[in-house]
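Shown next, in structure tokens, is the structure this report addresses.
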Amino acid sequence: MELLKIENLTKIFGGLVAVDHLSFSVKKGQIYGIIGPNGAGKTTVFNCLTGIYKPEEGTVIWKGKDITNYPPDKIANLGIVRTFQTIRLFSDMCVAENIMSGRNQISKQHWYHGLIHTPFSKRDEKKNWLKVKEIMELMNLQDYATELTKNLPYGHQRRVEIARALATEPELIVLDEPAAGLNGHETLDLTNLIFKLRDMGFTILLIEHDMNLVMNVTDYITVVNFGEKICEGTPEIVQNDPAVIEAYLGKEDADDEGDEDEN
Amino acid sequence: MRKSAIYKYLVFLGILLIYPLFSNSSWLAIGTTFIIYSIVALSQDIVLGKAGMFDMGHAMFFGIGAYISAIMNTVFNIPILWAIPVVVLISAIISVLMAMPTIHLRGDYLLVVTIGFNIIFQQVIKNNVFGLTGGPNGIFGIERPSLFGFEFSSDLSVYYLAFFVLILILIMIKNLETSAVGRAFHYLRLDNLAAQCVGINTRFYRLFAFALGASIASIAGVLFAIQYTVISPESFNLMQSILFFTIVIVGGMSSIPGVLLGTFLMFVLPEIFRDFNTYRYLVFGVMMILTMILRPRGIIPKKFGIIPKYLLKDK
Amino acid sequence: MKKKITGSLMLLMVLALIIPIGLNAKVVKIGVQAPITGKYANEGQGIDQAVRLIVEQKNAQGGLLGNKIEVISEDDEGTAVKAAFAAKNLINKKVMAVIGSYTSTCAAAPQKMYYKAGVLQTSDGTSDALTKHAYWTFFRNSNPNSAEAIFTANHFINQRHYKKVAILSDYSSFAVGLGDAVKKEIEKLGGDVVYYGKIKAGNQNFTPILTKIKSLHPDVIYFSGYYSDGGLLRSQQVQLDIKADFYGGDANDNVDFVKLAGSAASGSYLINVPTPSLLPYDDAKKFLADYEKKYGMKIPSIWTILNVDGLRAIMYAAEQTNSLDTKVIADFLHNMKKPFPGFTGPLSWDKKGERIGSSYFAYEIQPDNSYKVISK
Amino acid sequence: MYIFIQQVINGLTIGSIFALIALGYTMVYGTMKFINFAHGDLVALSAFVGLTIYTTVVSSFSNSIIAILISLIITIVIISIIGYLLERIAYRPLRKAPRLSAVVSALGAGMVFQNAIMLIWGPNPHYYPADIIPNKIWHFGDSVISLIQILILLLSFFIMIGLYILVNKTRTGRAIRAAAINQDAARLMGINVDAIIVIIFALGSTLGAVGGMFLGMFYRGITFNMGWNYGISAFVAAIIGGIGNIPGAMLGGIFLGLFNSLIAGYISSTWADAFTYILLILILIFKPTGILGERVAEKV
């Protein structure tokens, strides 16, 4: 079953076509990868998909419904949640509070519960905090519950960001270069985590530079260059595609740092 | 809430409770105004400190509360406490109407817009629209309220009325802090985009913060009208807005003790040093600079990382 | 560390709020409530200094009924809220009478408090609202707007035969009150008010509104606000080559009006009670000289002297009745058979605390900046 | 028609003074990203300093124009030094702090300036002598323009051209622009950002000092609290043009001056402020970063 379908997506910055009539679709339960050299427009695709940018052309279809031009929060409400390439946590707040932010859309509290607590709202608070606790345990973060996230090491911050995404109870998790800045050990943990998430029933869409990671974890890959799709298929197919090899040749060495292209 | 924090609040409220015993009538008046200004500052903090919107026109809502209740009382002879629901409703509506088209503006632009609204408000009341606002003279002869047969005619009773309202507001803000709404304010202040991407409707919460701040400030405005029985435009001008803005930054954004201390320092301290007439505001300016250099996040910065105990138990 | 800071600050709060203010006295206390800081600071400081000078002179003569007089000054910053605080302080310090404040708003805000506390108040505020309640404690030492408006309208229509009048005021309660009253009186006498607008005090750039007025070709421009704007209005009027007479209301009568208007001051007109330098009385001249000698500057305006006259009348009443009881003094002031000879002319009051009789003058400012009386 | 021309002349004169002051706000905002609320009071201070110097030196010169030029230069030097000290003492320690702390520090500094003026020169207004600039008027039909207005317009025009060349055509200007876009990157490229900030404060103070003395010469009366009014107007002008944008501040100043004049002249002086701010709000609703816009780069 097709969960997410992107058709003819086009995004233009000034005169530059960052994404050019790109189409792909993600099936439920997949781990889907988008790869491409620096400046290929991968993050732009994510930004269009999650409502941060408005595409010039094309549609984003989520479970058969056109969600193009929805605002980011609406898209998250529908079950698509993302992480950021440059980690964006609420850095002055602690781990538990960060994860709790994901519970906002699940919480049944009304605006007036901000003024007066009722037995209902107290139950709701407790339920959500307990869920946060559960997620912290799942992600091995319970020891850092009250630690401010700005004081955590980078790898932990990534985990908090993913935990925060999980807290929204999404169907599709969109990971923007989750391995960027991680060491080998942390990358391995990440790989296991991604598998674990899939086993829990989440669908995963990720952008990654780390070829090893991509080839190891993904089921299906779309390769993008200059905003256009040059190839798609399983990791084996992609790895042997001449266009992909050409796009990556000579660029490999310069590619390890994050892509700052369209920001 | 931690126990030590509760004790601190109890001490603070206890001091306010017995304060009238030790003060003469001029210090009682200052005490009453301190409480009223604290309420305004706390409401400014909801908008500026918690939701992070640079609102430099907050005295306008303080003024709306005072003016509407005064007009209702002097023109239509409605007891002033009955004005409170009307005042809250009207200022919430006005604030939402104002904020809808402007709320998406980035920090400093929003700051200018709110300054603009404050100045427009000033001009409206000074021009005596519909002959209701009394122009530059303001409104005289506001009647003090009575409730269940009790007359709030003495200054002391007005003090305790304000004190009672302060307690309610403090409880409400504590509730806010431990609710989904209150946390949403913090999230959108710290990183608006990240908040949106986890499904928080930041626009709604911004509007709500604005409306909430406006409503509370307008309640303080009613108290102000009750205390002075005379109101005039300059009590709600841009300088006052800047005062409330400064109180929050100096005290510590979204920190309740900080805001209360800020109100004390920015409002009561100059009263204590009245004898130094001409020098006091010079020294005051120097103090503002020094405070910011020494404690850039405010004197008592907000502490995060306070979460329910049951999350920590089996650690 | 942080706890300590919080704790000590709390302690400071407590201490500060409980600082006892008690002074018991064998002296007569006179309060001054004036804008010692803020935008009317020069007028406020003038009132304070003049009152202190009078009291110093009185004490040198043995005080009031043998009691030494002490002056307590409170700054109201020209705002109503601070005026209320200032008044509470003065009442607590048990003053017998309060001189001030300079602006009508600040005089009105604490009026009721003084009334309740039985403290005499004398102010130069000219807003008609001040005597509305007829508090027995209140004595206006100037004339109200309405009296000035009647004089102005009569002067314009019957003496100068102006047909078209443009009126400007600022946003202060005083200027709006006077402007409204002048407009009403002029229309009553059949004059045509072709323009009535407001300027923002301190804005300095009045060319837009003056250009507008120019297009209406009035015979006279009348400004009811304060000298700090009036002088500029006159100077910009001349600069824009607007051929209309310029009349300033009483608050323009300040030495600074001429300085601001520069060469344009010559040929403009003012309407006021006699200015300090024109006061015909010897004791007034002596007081002006004393003031200049002591403070090294000229007295800021007639308002200072009016306030001083209020104080002198109260002291006179105390001596006549041989009493320091404010009620007795007030009764005496309300029922004076023979007016008290003040620096600014005879002083007596009606039941509402309104000063009886008015002696407005219209002056033309001469090229040497002296005043020539053109109408009394 | 002459009314319209007259209003345009009025508006351009005050507008160019707004523009000079607005440049001070915008340049500081461009690099430091905070509103220097003390700038208006610094302008007031320069009006006072300028007058004091003028009255001291005027007797040594036969020509008042030379005397005013000499005082202008000395005032610029003094105010630039004060501007530098302001940055060094009140703002530099706060560079890494939340931006609002610097705003409050600026408000405090403004309060210090204002009260210092009151304590040094007293609460009474001071007056520029009437004869500094000969009181000459030219007529165009029924519209008039005075010599001082022409001088203000010309001088402001040349100063702004000079500033434009400085920022766009010189090495220093390039460094200023680089620091405005990204301080860290500029530092990495070998630009001494601290020095650039000092230059910016000196330049802003210079323009403010010129504006302050123009105000004194044009309106003659100066008061200790005059800075606030002009500060707010100039700041609004900077916002209208797009804060941080140098041509924007010039445009915003002229625009605001003209708008004020035309509103007061044609619609209502009583509601002039309200109209001005309604316009400002409308501009921001439809052009959220001002007319000429501001460079904003949000990282995603």
Side-chain angles (χ1 to χ4, degrees), chain B residues 48-49 52 54 56-57 98 100-102 104-124 126-127 192-194 197 238-239 242-243 245-250 253 278-298 301, chain D residues 29 33-35 37-38 89-94 96-116 118-119 123 228 232 235-236 238-240 243-244 268 270-282 284-286 288-290 294 296 298-300:
Chain B
L48 171 65
F54 295 4
M56 211 184 244
M98 270 174 38
M100 287 236 281
T102 54
H104 63 282
L105 292 173
R106 265 182 348 101
D108 294 315
Y109 291 94
L110 187 63
L111 185 132
V112 184
V113 165
T114 49
I115 287 179
F117 279 122
N118 202 157
I119 290 176
I120 294 170
F121 172 70
Q122 277 289 307
Q123 195 145 51
V124 169
K126 280 187 178 171
N127 276 333
N192 189 52
L193 189 74
C197 286
L238 184 56
M239 292 312 293
I242 291 176
L243 173 75
F245 189 92
T246 311
I247 283 173
V248 171
I249 308 296
V250 165
M253 274 167 62
T278 47
Y279 283 91
R280 61 184 162 149
Y281 283 111
L282 182 83
V283 179
F284 201 64
V286 175
M287 295 290 288
M288 272 164 71
I289 300 175
L290 279 181
T291 311
M292 284 296 102
I293 291 175
L294 297 176
R295 295 191 78 83
R297 285 175 174 270
Chain D
Y29 192 92
K33 300 287 177 281
F34 86 96
I35 304 161
F37 271 110
I89 296 168
Y91 302 153
R92 192 173 294 183
L94 289 169
K96 296 273 175 248
R99 286 193 312 141
L100 290 180
S101 314
V103 170
V104 167
S105 187
L107 287 167
M111 207 182 257
V112 171
F113 284 142
Q114 195 182 110
N115 285 280
M118 190 183 85
L119 290 170
W228 179 248
I232 286 284
F235 164 54
V236 165
I239 292 277
I240 288 180
I243 195 158
S268 158
T270 323
W271 291 96
D273 268 4
F275 279 110
T276 304
Y277 282 94
I278 288 172
L279 171 86
L280 168 80
I281 292 164
L282 286 178
L284 289 182
I285 289 174
F286 293 107
T289 52
E294 172 203 1
V296 188
E298 165 135 54
K299 285 224 166 234
V300 176

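Protein chains get the first letters and strands the later ones, always in sequence-line order, with residue 1 at the start of each. Atoms considered below: every heavy atom in the structure, side chains included; atoms not considered: hydrogens, waters and symmetry mates. Bear in mind that the values here come from a model prediction, so they are computed numbers and not experimental data.
- Residues B:Leu48 and D:Leu100 are in side-chain contact: their nearest non-hydrogen atoms beyond the backbone lie under 4.5 Å apart.
- In terms of heavy-atom pairs under 4.5 angstrom with chain D, the leader among B:Gln123, B:Gln122, B:Met253 is B:Gln123.
- Contacts of D:Tyr91 with chain B are absent, with no heavy-atom separation under 4.5 Å from either backbone or side chain.
- Of the two parts of D:Leu94, only the side chain, counted from C-beta on, holds a non-hydrogen atom closer than 4.5 Å to a non-hydrogen atom of chain B.
- Between D:Ile285 and B:Pro101, the shortest heavy-atom distance links the atoms CD1-CB, 3.6 Å.
- For B:Val124, the parts lying under 4.5 angstrom from a heavy atom of chain D are both the backbone and the side chain.
- By the neighbour-count criterion of 12 heavy atoms within 6.0 Å, atom CZ of D:Arg92 is densely surrounded, having more than that number from other residues, nucleotides or ligands.
- With a 4.5 angstrom heavy-atom cutoff, D:Ile35 touches chain B only via side-chain atoms.
- Proximity to chain D (any heavy atom under 4.5 Å) is restricted, for B:Leu238, to the side chain, taken from C-beta onward.
- A pairwise comparison of heavy atoms in B:Pro301 and B:Arg295 identifies CD-NH2, 3.8 Å as the closest pair.
- Between B:Asp108 and B:Phe54 the shortest side-chain heavy-atom distance falls below 4.5 Å.
- When heavy atoms are compared at a cutoff of 4.5 Å, D:Ala102 does not approach chain B at all.
- Residue with the most contacts toward chain B among D:Val104, D:Val103, D:Leu280, D:Val236: D:Val104 (heavy-atom pairs, distance under 4.5 Å).
- Only the side chain of B:Met56 comes within contact range of chain D, with heavy atoms under 4.5 Å apart.
- The two residues B:Ile289 and D:Ala90 have their closest heavy-atom pair at CG2-CB, 3.8 Å.
- Residue B:Phe121 does not touch chain D at all, counting heavy-atom pairs closer than 4.5 Å.
- Interface summary for chain D: among B:Val283, B:Thr291, B:Ile119, the most heavy-atom pairs under 4.5 angstrom belong to B:Ile119.
- Heavy-atom minimum distance, D:Gly110 versus D:Ala38: N-CB, 3.6 Å.
- For chain D, the nearby part of B:Met239 is the side chain; its heavy atoms alone come within less than 4.5 Å.
- Listed by first and then second residue, the side chain to side chain donor-acceptor pair (under 3.5 Å) pairs involving residues 272-281 of chain D are C:Lys200-D:Asp273, D:Asn260-D:Thr276 (not counting sequence neighbours).
- At a 4.5 Å heavy-atom cutoff, the contact between D:Pro288 and chain B is made by backbone and side-chain atoms alike.
- Put simply, the side chain of B:Asn127 never gets that close to the backbone of D:Trp271: no donor and acceptor are under 3.5 Å apart.
- Only the side chain of B:Leu105 comes within less than 4.5 Å of a heavy atom of chain D; its backbone N, CA, C and O stay farther away.
- Rounding to the nearest 0.5 Å places CD1 of B:Ile249 at 12.0 Å from OG of D:Ser105.
- Heavy-atom distances place no part of B:Leu290 under 4.5 Å from chain D, backbone and side chain included.
- For D:Phe37, the part lying under 4.5 angstrom from a heavy atom of chain B is the side chain only.
- Both the backbone and the side chain of D:Ile278 have a heavy atom closer than 4.5 Å to some heavy atom of chain B.
- Annotation: side chain of D:Ile281 is in contact with side chain of B:Thr102 (closest heavy-atom distance under 4.5 Å).
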